[in-house]
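Presented below is the structure to which this report refers.
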Amino acid sequence: MNTEVITVLVVDDHPVVRDGLRGMFESAPDFTVLGEAADGVQAVELTARLDPDVVLMDLRMPGGGGVDAIAELTRRGARARVLVLTTYDTDTDTLPAIEAGATGYLLKDAPRDELFGAVRAAAEGRTVLSPAVASRLVQRVRAPDDERLSTREREVLALVARGTSNRDIAKGLFISEATVKTHLTHIYGKLDVKDRAAAVATAYRRGILD
């Protein structure tokens with residue numbers, strides 16, 4: 001078993017959560033918490049300065065979200081492995097985080113020993129996923145065609161991104177408004193979102209729109 005000390009950076013916008021995680025990890029002999037960050041921007045800065053083995057990253061934080069921070073760390077070629085630790089396990093959270101470069105994804109209700117094991121695994125470069133997230137990813141892999149937007153759906157989404165109304169989309173594509181609404185329903189389902197704004201944001205984040 002590897003007995004080397006694993007260095008950790010804790011990223012969460014709630015001070016109580018950061019304090020709790022710091023106390024938990026510092027109570028174990030094989031972990032050292034190098035620092036804390038309250039948002040994604042600070043996380044990127046501290047990772048560059050402190051060079052931790054593992055970054056425990058929350059996702060939804062005012063001032064800079066986790067997914068953007070993960071993508072930036074990946075772009076910079078940071079040595080640190082990112083283990084997402086969050087309360088959210090929806091597709092709109094898990095998939096972008098993993099696509100951005102997260103090594104693992106764990107929920108905050110994970111037992112202490114499971115969290116310790118996940119950080120050790122992440123430090124070694126092994127992927128760690130909570131059961132709920134792993135199950136969802138397997139479903140995505142098994143039915144990838146369901147997640148791909150058709151050419152027409154991409155056309156509709158591109159027009160939505162420009163702020164075009166359903167009526168104008170229908171005119172521009174020579175289809176009925178009812179057909180536009182049907183396309184939008186399919187788009188929302190494939191992207192796991194509920195409205196136009198979320199569809200556009202998700203599409204840009206995943207590279208569907210550029």
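When the shell of 6.0 Å around CZ of Arg79 is examined, it contains more than 12 heavy atoms from other residues, nucleotides or ligands.
Remark: of the listed residues Asp12, Thr87, Thr86, Asp12 is the sole one forming a side chain to side chain donor-acceptor pair (under 3.5 Å) with Lys108. For the side-chain contact (heavy atoms from CB on, under 4.5 Å) test with Leu85, the passing option among Leu21, Val55, Asp58 is Leu21; the others fail.
The shortest side-chain heavy-atom distance between Glu155 and Ile175 does not fall under the 4.5 Å cut-off. A 4.5 Å side-chain heavy-atom check between Asn166 and Arg196 finds at least one atom pair inside the cut-off. Counting heavy atoms from C-beta outward, Arg162 and Leu159 have side chains that approach closer than 4.5 Å. Under the 4.5 Å side-chain criterion, counting only non-hydrogen atoms from C-beta, Leu191 is in contact with Ile208. By the 4.5 Å heavy-atom criterion applied to side chains, Pro52 and Thr7 are counted as neighbours. In this structure, the side chains of Leu115 and Leu56 come closer than 4.5 Å at one or more pairs of heavy atoms. Looking at heavy atoms from C-beta onward, Leu34 lies out of side-chain contact with Leu9 at the 4.5 angstrom threshold. Within the 4.5 Å cutoff, the side chain of Thr47 has no heavy atoms near those of the Val82 side chain.
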Could you go through the side chain to side chain contact (heavy atoms under 4.5 Å, CB included) check for Glu36 and Leu46 one step at a time? CA-CA 8 Å; Glu36 302 173 12; Leu46 287 180; 6.0 Å; no
Might you work through the salt bridge (Lys or Arg N to Asp or Glu O under 4.0 Å) test for Lys181 and Glu177, ending with a clear yes or no? CA-CA 6 Å; Lys181 291 178 181 177; Glu177 281 191 62; 5.2 Å; no
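Side-chain heavy atoms closer than 4.5 Å link hydrophobic residues (I, L, V, M, F, W, Y) into clusters, and following such links, even through other members, never connects Val41 to Leu73.
Residues Ala97 and Ile70 approach most closely at O-CG2, 4.0 Å, considering heavy atoms. Between Leu209 and Tyr204, the shortest heavy-atom contact is O-CD2, 3.5 Å.
In this structure, CG in Leu59 is found 10.5 Å from CG in Asp68, a value given to the nearest 0.5 Å. The distance from atom CG of Asp109 to atom CD of Glu114, rounded to the nearest 0.5 Å, is 8.5 Å. Put simply, CG on Leu149 and NE2 on His183 are 11.5 Å apart, with the number rounded to the nearest 0.5 Å. Note that the OG1 atom of Thr127 and the CZ atom of Arg81 stand 9.0 Å from one another [nearest 0.5 Å]. Interatomic distance, Met61 CE to His14 NE2, rounded to the nearest 0.5 Å: 11.0 Å. In this structure, Lys190 NZ and Thr202 OG1 are separated by 15.0 Å, a value rounded to the nearest 0.5 Å.
Using bins of under 30°, 30° to 60° and over 60° for the plane-to-plane angle, the ring pair Phe25/Phe116 lands in the tilted bin.
Defined by atom type and a distance below 3.5 Å, a donor-acceptor pair is missing between the side-chain atoms of Thr179 and Arg152.
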